[in-house]
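These numbers come from the heavy atoms of this one structure, side chains and all, not from hydrogens, waters or symmetry mates. Below, read A as the first sequence line, B as the second, and so on, with proteins coming before strands; counting in each chain starts at 1.
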Amino acid sequence: MLGDLAKLPDWPERVRTMQANWIGKSVGVRFAFRVNGVTRSALGSPPSPSGRGSEVEDDEALLWVFTTRADTIMGVTFCAVAAEHPLATHAARSNVKLAAFIDECKHGSVMEADMATMEKKGMPTGLSVVHPLTGEPIPVWVGNYVLMSYGEGAVMAVPAHDERDFYFAKQYGLPIKQVITSAIEERRKKGDADVQGDGYAVFDFDPAQWKEWYGEKGKTTTSVSLYCINSGKYNDLEYSAAVDAIAADLNAKGLGEKKTMWRLRDWGISRQRYWGCPIPIIHCAHCGDVPVPDKDLPVVLPEDCVPDGSGNPLNKRADFVNCKCPKCGANAQRETDTMDTFVDSSWYYARFASGRSASAMVDRETDYWMPVDQYIGGIEHAILHLLYSRFWSKVMRDLKLVSYDEPFKRLLTQGMVLNHIFFRKPANGRIQYFNPADVEVKIDNTGIQIVAILKSDGQLVEDGGIGTMSKSKNNGIDPQQLIELHGADTARLFVMFAAPPEQTLEWSDAGVEGAARFLKRLWKLVHTHVGMGTAARVEVAVLNDAQRAMRRMLHETLAKVTDDYARRRTFNTAIASVMELINALYKFDDSHRVGSTRGGDDHSTQGRAVLQEALDNVVIMLAPIVPHISHALWQALGHDNAVIDARWPSVDAAALTRSSIELVVQVNGKLRGHIEVALDAKPADIEAQALADANVQRFTAGKQIKKVIVVPGKLVNVVVA
RNA sequence: GCCGGGAUGGCGGAACUGGUAGACGCGCUGGACUCAAAAUCCAGUAGUGGUGACACUGUGGGAGUUCGAUUCUCCCUCCCGGCACCA
């Protein structure tokens, strides 16, 4: 899944980065400390024969850890284990205080945000382990920051080179032993004059104070080399050489090896809830785990189950749990774990693509429709749903159910829509949220402060800032309100015009009238034109300059809109350029103007033909955004078919040609003038024309011209001394 | 705390590959039409100075690279989203 992220070039970079971080590949070393005076049997683990060359006795307990920083192994001054670790449990049997501490740890929050800021706490177990390379005794602590569910549930602690270990050691007076140094620190120690300034003192190791570079590996972020010291035979080795040498030595002792760990956990199955998809397995005392026969599928959950907060409520439902073994007919029990709802959302679309199949999960028709060409979903699904869908696709591929690797070829993650949050907090009782539509924000009677008032009772509400629209915060907006007020086309146009879809957007309906106004202008333009009778076909050869220019703008707009839809997916800019075109068409044919005093109208045969072509194209260009009005206007323009069946028009390259182009002239990078040059003008001629410009001469007069940069089709920059 | 994203006029946003900053829309100002209003149409609208042509300043803050930076590099501030202390 990590490697195949490269197969998704049309996914947003940030989603791929988030997934890679979540998968969390880390390469390191897994190794063991021998535990002094504790046997494996005492921990309840079966004795295991040690590997060849191992120094370990058969029944000797081992403390396994995983580290990405094997290069700092000589700086280990203690080990920390999770509260649930067998060594902690063992030590707690004869230590009441420790048992109480472990109990406290087990009840703490496991939310990352809480944990990152909570106090690091610990307590010694009284046990010690043997350092695998030095043979020194190392004390073992229980730490509330060590997770049983990741890695081995235990860590080697190197306070000098790990920030968490550092503060833990400070708090409990544990030793801090520096084993990594920087090239700068070494040169300062040798008295190198180049690095004696205060700015270099940040590279000195000081056990009293944590500095950024202590925890960096190989090189600092400022590219200063880091290597081992106080590490015996490993001295002077840099990161990867040190890791290799140390892993080899541990391996020779039968105490460790290089290993790759993953942060990603199997959450699809292991995160249990009553309302997930049932796992169709029956547990029989005689036959073991027996699949539910096809004829008894699906297993249906009881719908009147009320979770009481103590474990899985299904376990308390004898009517669900108790059943007969399908194999032997004896009394048996159903599996009560269920799959997470992510499992369903991970493959339902593949099932939709093989809707005729009655006998299998999916059939061959899936491969015809899948993978999805364009997936649209909120950025909040960037990791979980989109990651599990990718995982499930690979499962189905391996089972030969489907032949694709990745379910979604192209991904558009729309941004969150934010809105104001208003609430009241009763003295005792639950916080109550109010919908922004029911709240009026106004200036209070001092005329300075802005206050928020609930419309229904006129009393103040508190302002909770701005946040994602959600049910719990009651700050969502129902688009139905907009639709009822302005119609679906206006609502769609307004929303699409507001911002690019992947951008976070703070909700405001200010400006929705602009969208309605635009559609009215378009409607009027089309109907005024149609009211004057059927238009002729465009005959390019007889067009006058104004008609030619109008037509050029039409085809430039068509090219831009096509690109905005197909490649850039920026619908707001596509709409903006159609708006520009409409503005120009109003000037081209200004018979709509009240009074119509200016002579801009072109009601000639070819003028009306150009207008017809432009309006046909405008209606097609807008059809994806405003389908209803486009359908009506398309037929009003004299077409028999529906606009949805009309072909996307192609750009007339000949209409785009122009004989001259306007260039910008800069002096020292500042805009000083514009020149009109022939399309095929030579650079030397362009340069001469630029230098001849009156305003340019004001800024070059009496100065030495050092060079002139001509960027074809864009600008001229004159550099003066 | 970590990861991801963002900051441009009064507001939403545009500037796509380093090349005219502010397209388009809202709002606002003025005008036309009207007995009047709404609607509609026209014009103006980053700030400062100037009748004007123009000039100076300006893309969260500070440095840097470049003929030229909203765009690239480094540092900082604030805002939004996600989070499982990942050894």
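Separation of the P atoms belonging to B:A46 and B:C26 is 16 Å when rounded to the nearest angstrom. Taking the C1' atoms as reference points, B:C72 lies 24 Å from B:C3, given to the whole Å. Rounded to a whole angstrom, the distance from the P atom of B:C2 to that of B:U66 is 33 Å. Distance noted for atom C1' between B:G22 and B:A14: 7 Å (whole Å). Here, B:A43 and B:G81 have their P atoms 42 Å apart, quoted to the whole Å. Here the separation of B:C42 from B:G4, taken at their P atoms, is 49 Å to the nearest Å. For B:G68 and B:G31, the C1' atoms lie 41 Å apart once the distance is rounded to whole Å. With C1' as the reference atom, B:A23 and B:C16 are 14 Å apart, rounded to whole Å.
The cationic atom of A:Arg410 (NZ for Lys, CZ for Arg) does not lie both less than 6.0 Å from the six-membered ring centre of A:Trp11 and within 45° of the ring axis.
Anti is the conformation of B:G64, whose glycosidic angle sits further than 90° from 0.
In this structure, A:Lys560 places its NZ atom where more than 12 heavy-atom neighbours from other residues, nucleotides or ligands lie under 6.0 Å away. Atom CZ of A:Phe494 has more than 12 neighbouring heavy atoms from other residues, nucleotides or ligands inside a 6.0 Å radius. In this structure, A:Lys217 places its NZ atom where more than 12 heavy-atom neighbours from other residues, nucleotides or ligands lie under 6.0 Å away.
Looking at heavy-atom distances under 4.0 Å, A:Ser577 makes no contact with the nucleic acid at all. Nucleic acid contact for A:Phe699: sugar-phosphate only, since backbone atoms but no base atoms lie under 4.0 Å from a heavy atom of the residue. Within the nucleic acid shown, A:Leu418 comes within 4.0 Å of sugar-phosphate atoms alone, with no base atom in reach, counting heavy atoms only.
Side chain of A:Ala510, nearest nucleotide from B:C26, B:A87, B:U20: B:C26. When the nucleotides B:U20, B:C54, B:A87 are ranked by their closest atom to the side chain of A:Arg698, B:C54 comes out on top. Of the candidates B:A55, B:C85, B:G25, B:A55 carries the atom nearest the A:Asn695 side chain, counting heavy atoms from C-beta on. Side-chain proximity of A:His674 to the nucleotides B:C42, B:U20, B:A43 is greatest for B:U20. Checking B:G81, B:A55, B:C41 against the side-chain heavy atoms of A:Arg521 singles out B:C41 as nearest. Across B:U20, B:C41, B:A87, the shortest atom-to-atom separation from the side chain of A:Thr68 is found for B:A87. Comparing atom distances between the A:Lys587 side chain and each of B:A55, B:A43, B:A84 picks out B:A43 as nearest.
No hydrogens or angles considered: a donor-acceptor pair under 3.5 Å links the side chains of A:Glu676 and A:Ser660.
Atom P of nucleotide B:G25 and atom CG of A:Leu519 are separated by 13 Å, given to the nearest angstrom. Between A:Glu556 atom CD and B:A23 atom C1' the separation is 14 Å, expressed in whole Å. As a whole-Å value, the separation of A:Lys217 NZ from B:A87 P is 8 Å. Between the CD1 atom of A:Ile23 and the C1' atom of B:C83 there is a distance of 16 Å, rounded to whole Å. We find that CD of A:Glu513 is positioned 20 Å from P of B:C24, with the value rounded to whole Å. Between A:Ile675 atom CD1 and B:U20 atom P there is a gap of 15 Å when expressed in whole angstrom units. Atom pair A:Leu386:CG and B:G4:P shows a separation of 18 Å (rounding to whole Å applied). One can place NZ of A:Lys25 at 14 Å from P of B:A87, the figure rounded to the nearest angstrom.
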(Q) Is there a side-chain contact (heavy atoms from CB on, under 4.5 Å) between A:Phe33 and A:Val65? Walk through the geometry before answering. (A) CA-CA 8 Å; A:Phe33 295 87; A:Val65 298; 3.9 Å; yes
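Atom-to-atom distance recorded for A:Leu412:CG and A:Glu502:CD is 6.0 Å, nearest 0.5 angstrom. In this structure, CZ in A:Phe571 is found 14.5 Å from CZ in A:Phe497, a value given to the nearest 0.5 Å. Here CZ of A:Phe78 is found 10.0 Å from OH of A:Tyr172. Values are rounded to the nearest 0.5 Å. Rounded to the nearest 0.5 angstrom, A:Gln666 CD and A:Arg672 CZ are separated by 10.0 Å. Put simply, CE on A:Met261 and NZ on A:Lys25 are 13.5 Å apart, with the number rounded to the nearest 0.5 Å. Rounding to the nearest 0.5 angstrom, the gap separating the NE2 atom in A:His420 from the CG atom in A:Asn475 is 10.0 Å.
Within the 3.5 Å criterion, the main-chain N or O of A:Tyr214 finds a donor-acceptor partner in the side chain of A:His161.
Between A:Ala154 and A:Arg517, the one whose closest nucleotide on RNA chain B sits nearer the 5' end is A:Arg517.
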Could you run down the sub-3.5 Å N/O contacts of the protein with nucleotides 62-69 of chain B?
| from | atom 1 | to | atom 2 | distance (Å) |
| --- | --- | --- | --- | --- |
| B:C67 | O2 | A:Asn717 | ND2 | 2.4 |

What does the list of N/O pairs under 3.5 Å between the protein and nucleotides 74-79 of chain B look like, with a distance for each?
none

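Remark: A:Gln704 engages A:Ala721 in a side chain to side chain contact (heavy atoms under 4.5 Å, CB included) (not counting sequence neighbours). The side chain to side chain contact (heavy atoms under 4.5 Å, CB included) check on A:Arg164 picks up A:Lys120, A:Tyr145, A:Asp162, with sequence neighbours excluded.
A close approach under 4.0 Å does occur between a side-chain nitrogen or oxygen of A:Arg672 and OP1 or OP2 of B:A55. Residue A:Thr67 has no polar side-chain atom (N or O) positioned under 4.0 Å from OP1 or OP2 of B:A87. Side-chain N/O atoms of A:Arg164 include one lying less than 4.0 angstrom from OP1 or OP2 on B:C86. OP1 and OP2 of B:G58 both lie 4.0 Å or more from every side-chain N or O belonging to A:Lys670.
Just one residue in the list A:Ile582, A:Leu585, A:Val626 forms a side chain to side chain contact (heavy atoms under 4.5 Å, CB included) with A:Leu522, and that residue is A:Ile582.
For A:Trp141 and A:Phe168, the ring centers are positioned less than 6.0 Å apart.
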Q | Summary of protein contacts for nucleotides 5-17 of chain B, nucleotide by nucleotide, where a base hit scores B, a sugar-phosphate-only hit scores S (4.0 Å, heavy atoms) | A | S------BSSSB-
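Secondary structure note: stems in RNA chain B built from 3 or more consecutive Watson-Crick or G-U wobble pairs under 3.5 Å occupy B:1-7 with B:77-83, B:10-12 with B:24-26, B:27-32 with B:40-45, B:46-49 with B:54-57, B:60-64 with B:72-76.
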